[in-house]
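Within every chain, numbering begins at 1; the chains are lettered A, B, ... in the order of the sequence lines, protein sequences first and strands thereafter. In what follows, every heavy atom counts, from backbone to side chain, and hydrogens, waters and symmetry copies are set aside. Note that the structure is predicted; figures quoted are calculated from it, not measured.
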Amino acid sequence: MKGKISIPRIFIYLFLIVASFLSIFPFFWMTTGMTNSAVDIVRGKMTFGTMFFENIRILFSEYDMALVLFNSIKVTGLTVVLCLLICSMAAYGFVMYKSKITQRLYALTMLTMMIPFAALMIPLFQIIVQFKLLNSHFALIITGASSVFIIFFFRQSFVTYPFEIIQAARVDGAGEFRIFFKIFAPSMKSTFFAAAIYAFMTSWNSYMWPLIVLQTNDKRTTTLLISYLSSAYVPQYGVIMTAIVISTLPIIIIFFAFQKQFVQGMLGSLKA
Amino acid sequence: MLAPLIFFDYLTQSIIDWGIIMERKLKKYGLIFIAVAMILLALFMFYPVLYSFYLSLTSTKLGKTDFVWFANYKRILTDPLFWTSLKNTFVILLIQVPVMLFLALILATILNDKSIKFRGFFRTALFLPAVTSLIAYTILFKMLFSYTGLLNTTLMRINLISEPIEWMSNPITAKAVLIIAMIWRWTGYNMVFYLSGMQNISEDIYEAASIDGASKIKSFFMITLPLLKPMILFTTIMSTIGTLQLFDEPMNLSQGGVTAATIGPSNSLLTLSVYIYNLSFKYVPNFGYGATVAYVIVILIGILTLIQFRVGATDDEKEARKLKKQNRREKRRA
């Protein structure tokens, strides 16, 4: 039976091919769009054009794409580093030093996992105003530095760590922080990597919170710029496509370079 | 004779003492390790959740904030824009989530079949949309479906239509575009969840079923679906939570973006989250009423999650719940 080409088989392949085509097509479209003018894109031109450098020029000179990219990289980079440090330490604390207080705090933390951002938005905005952090990147970094989901993600994989190794290190006289940084963390590289990808995606793609916090053009991030470009009365399609490609490219590169960890990070589990 | 025993006793006691001291020290370390995260969460999560509820009981008029108890919650009942946003959110939820999860399940079932060729390629291609940012894919779809967009030009070129269709000017088609875009973005993502769930189902079960004469379709319904139930439940809950918070997509799909007067033609893309944003940051700020609508989302998520847990419970869990109820009843009688 197996391996033979039957009629249902053909339909299955046809279905897969159509679905894959629909999935990939927008990527192809934005890549060719990047090299065409708005008029050509509207006309439905699907081949590569010659407008690539012109689009790049407009993006970088008129909309200061270099600064926007720098802003995004700065915010995302600092958020990811801080988030990994703070959340991994918290998860380690929850797993390795079980006491009544830590267990209760963990339960409380997990309870907030399903709270929608909309319910936090207004008080968060008021806190940021109080601290005089409005229109600053620090406001984005500090609020993204502690993520309930990433604490949960770390804990899930930390619980399987052999406790004996930590005990042995203690007997040898290693301090608690040295055990964490020198022994524990290096052996958990793939977990950290998957969490980093999740944190990166969340921060790089965030839109609502930057929209509320950042108010001047010199502070805006890539998502805000793309949104701004597309809301113009006469949208410059070629320029928008270029901006979309530039903002998506880092994620696509990470995806193809580290597919396995990427999927793990996106799904928030180590089972994928 | 007694000396060694006393010595032994002394030894064990001092080991226990040392253990207690160590335990206390370790407890202190536990708090140090979680301290930074807890301070940040207290400030940016626990406090806002509670303060948001307090806000929902207040109202600001002419710069003066009054405590109004549940007046805001009463106001919601007669607020037409609230009902529009609630209706829109639920229409999107009830169409998009089932269609997407059904497609994801079919694709996962096909790709789990080891005799299919190029499985790796198909899986990668179908997952690829999940790498795009919410803004990027929304704007791509907006361009695709615009009046002079690629879809209209293509349809006209192959003579399927004689005049461009105004997809984004009609409330129904505008909503359809949003749903199609969301299906494009999230189907592959959910498919990977199902694939990872299917990998945990042993091949032997299927073989035994096929020896017993079960067809592929029958074994899908009798084996795959029941064993995948926890995963289906999980994806349903996650998608529901995500859809109830829908913001980036409707905001950017609507003509004019953030500054637009209505979100989509006759507010057909106004979702709950967009409405909260408008109440708090676009109109004259009314944080109290915005927080009230936000708490409606919290309550909805709570209720829907509870329902989904009930529906998605395995037979064992249902049995356990029944027993618990019975026990309680008997206790009350006794």
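- Inter-residue side-chain proximity for B:I32 and A:M89 is flagged as unmet; no heavy-atom pair is nearer than 4.5 Å.
- Contacts of B:L55 with chain A are made by side-chain atoms alone, with heavy-atom separations under 4.5 Å and no backbone atom involved.
- Note that the NZ atom of B:K28 and the OG atom of A:S99 stand 13.5 Å from one another [nearest 0.5 Å].
- Contact of B:Y54 with chain A is not made at all, since no heavy-atom distance falls under 4.5 Å.
- With a threshold of 4.5 angstrom between heavy atoms, A:I86 approaches chain B through its backbone and through its side chain.
- For A:S88, no part sits under 4.5 Å from any heavy atom of chain B, backbone or side chain.
- Using a 4.5 Å heavy-atom cutoff, the side chains of B:N252 and A:Y207 are in contact.
- Neither the backbone nor the side chain of B:A35 comes within contact range of chain A; no heavy atom of the residue lies under 4.5 Å from a heavy atom of that chain.
- In terms of heavy-atom pairs under 4.5 Å with chain A, the best-connected choice from B:V293, B:L144, B:T154 is B:L144.
- Put simply, CG on A:L211 and CD1 on B:I135 are 8.5 Å apart, with the number rounded to the nearest 0.5 Å.
- For a residue to count as touching a neighbouring chain, one of its non-hydrogen atoms must lie under 4.5 Å from one of that chain's; by this rule B:L195 does not touch chain A.
- Counting non-hydrogen atoms of neighbouring residues, nucleotides and ligands closer than 6.0 angstrom, the CZ atom of A:F181 exceeds 12 such neighbours.
- Side-chain contact between B:I34 and A:Y97 is absent, with no heavy-atom pair separated by less than 4.5 Å.
- For chain B, the nearby part of A:I244 is the side chain; its heavy atoms alone come within less than 4.5 Å.
- Using a 4.5 Å heavy-atom cutoff, the side chains of A:S146 and B:V36 are not in contact.
- Once rounded to the nearest 0.5 Å, the distance linking OG1 of A:T223 with CG of B:L134 reads 9.5 Å.
- Contact annotation for A:M208: both backbone and side-chain heavy atoms come within less than 4.5 Å of a heavy atom of chain B.
- Contact check for B:T124 versus A:F256: side-chain heavy atoms found under the 4.5 Å cut-off.
- Between chain A and the options B:I116, B:L31, B:I106, the largest number of non-hydrogen pairs under 4.5 Å is found for B:I116.
- The greatest number of non-hydrogen atom pairs below 4.5 Å with chain B, out of A:M30, A:M121, A:M96, A:M201, is found for A:M121.
- Of the atoms belonging to B:T153, it is side-chain heavy atoms, and not backbone ones, that fall under 4.5 Å from chain A.
- Looking at A:L108, the atoms closer than 4.5 Å to chain B (heavy atoms on both sides) sit in the backbone and in the side chain alike.
- Only the side chain of B:S146 has a heavy atom closer than 4.5 Å to any heavy atom of chain A.
- Taking the six-membered ring for Trp and the full ring otherwise, A:F94 and B:F33 have centroids separated by 6.0 Å or more.
- When heavy atoms are compared at a cutoff of 4.5 Å, A:L111 does not approach chain B at all.
- Counting all heavy atoms, side chain and backbone alike, A:I151 lies closest to B:A37 at CD1-CB, 4.2 Å.
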### Task
Kindly indicate, with the supporting measurements, whether the criterion side-chain contact (heavy atoms from CB on, under 4.5 Å) is fulfilled by B:L150 and A:F25.
CA-CA 12 Å; B:L150 184 65; A:F25 173 74; 3.6 Å; yes

### Derivation and outcome, side-chain contact (heavy atoms from CB on, under 4.5 Å), residues B:F287 and A:F125
CA-CA 10 Å; B:F287 288 149; A:F125 176 73; 3.9 Å; yes

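- Taking 4.5 Å as the limit, every side-chain heavy atom of A:L16 sits out of range of all side-chain heavy atoms of B:R123.
- Using bins of under 30°, 30° to 60° and over 60° for the plane-to-plane angle, the ring pair B:F122/A:Y13 lands in the tilted bin.
- Heavy atoms of A:I142 lying under 4.5 Å from chain B belong to its backbone as well as its side chain.
- Interface remark: A:T143 contributes backbone and side-chain atoms alike to the contact with chain B (heavy atom separation under 4.5 Å).
- Residue A:P116 forms a side-chain contact (heavy atoms from CB on, under 4.5 Å) with just one option from B:I301, B:L244, B:I241, B:I276, and that option is B:I301.
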#### Entry: side-chain contact (heavy atoms from CB on, under 4.5 Å) between B:S52 and A:L120, worked out
CA-CA 7 Å; B:S52 202; A:L120 311 172; over 6 Å; no

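- Using a distance-only test at 3.5 Å, with no hydrogens or angles considered, no donor-acceptor pair links the side chain of B:Q245 to the main chain of A:A118.
- Interface remark: B:F46 contributes side-chain atoms only to the contact with chain A (heavy atom separation under 4.5 Å).
- In this structure, A:F262 and B:F127 have side chains that are in contact, with non-hydrogen atoms separated by less than 4.5 Å.
- B:T187 does not touch chain A: none of its heavy atoms, backbone or side chain, sits under 4.5 Å away.
- Remark: B:F102 CZ is loosely packed, at most 12 non-hydrogen atoms of other residues, nucleotides or ligands lying under 6.0 Å away.
- If you measure heavy-atom distances from A:W29 to chain B, the contacts under 4.5 Å come from the side chain alone.
- Using a 4.5 Å cut-off between heavy atoms, B:I110 touches chain A through its side chain atoms alone.
- Highest contact tally toward chain B, considering only A:W204, A:F180, A:Y106, is held by A:F180 [criterion: heavy-atom pairs under 4.5 Å].
- Shortest non-hydrogen contact noted between A:S230 and B:K142 is O-NZ, 3.4 Å.
- The part of B:M38 that comes within reach of chain A is its side chain, from C-beta onward, which places non-hydrogen atoms under 4.5 angstrom from that chain.
- If you measure heavy-atom distances from A:F21 to chain B, you find no contacts under 4.5 Å at all.
- Residue contact with chain B, scored on non-hydrogen atoms closer than 4.5 Å, is absent for A:Y228.
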### Task
Please lay out, stage by stage, how A:F15 and B:L107 fare under the test side-chain contact (heavy atoms from CB on, under 4.5 Å).
CA-CA 9 Å; A:F15 178 62; B:L107 287 167; 3.5 Å; yes

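- Contact of the A:F131 side chain with the B:L43 side chain is registered, since non-hydrogen atoms from C-beta on lie closer than 4.5 Å.
- Across all non-hydrogen atoms, the minimal contact from A:F27 to B:L128 is CZ-O, 3.4 Å.
- Scanning both residues, A:P26 and B:W184, for their nearest heavy atoms gives CG-CZ2, 3.5 Å.
- Crowding of A:I101 atom CD1: a count of heavy atoms from other residues, nucleotides or ligands under 6.0 Å not exceeding 12.
- Of all non-hydrogen atoms in B:A294 and A:A119, the two that sit nearest each other are CB-CA, 3.6 Å.
- In this structure, B:P48 and A:P123 approach most closely via the heavy-atom pair O-CG, 3.4 Å.
- If you measure heavy-atom distances from B:F121 to chain A, the contacts under 4.5 Å come from the side chain alone.
- Among the candidates A:T102, A:V95, A:T112, A:T248, the residue making the largest number of heavy-atom pairs closer than 4.5 Å to chain B is A:T112.
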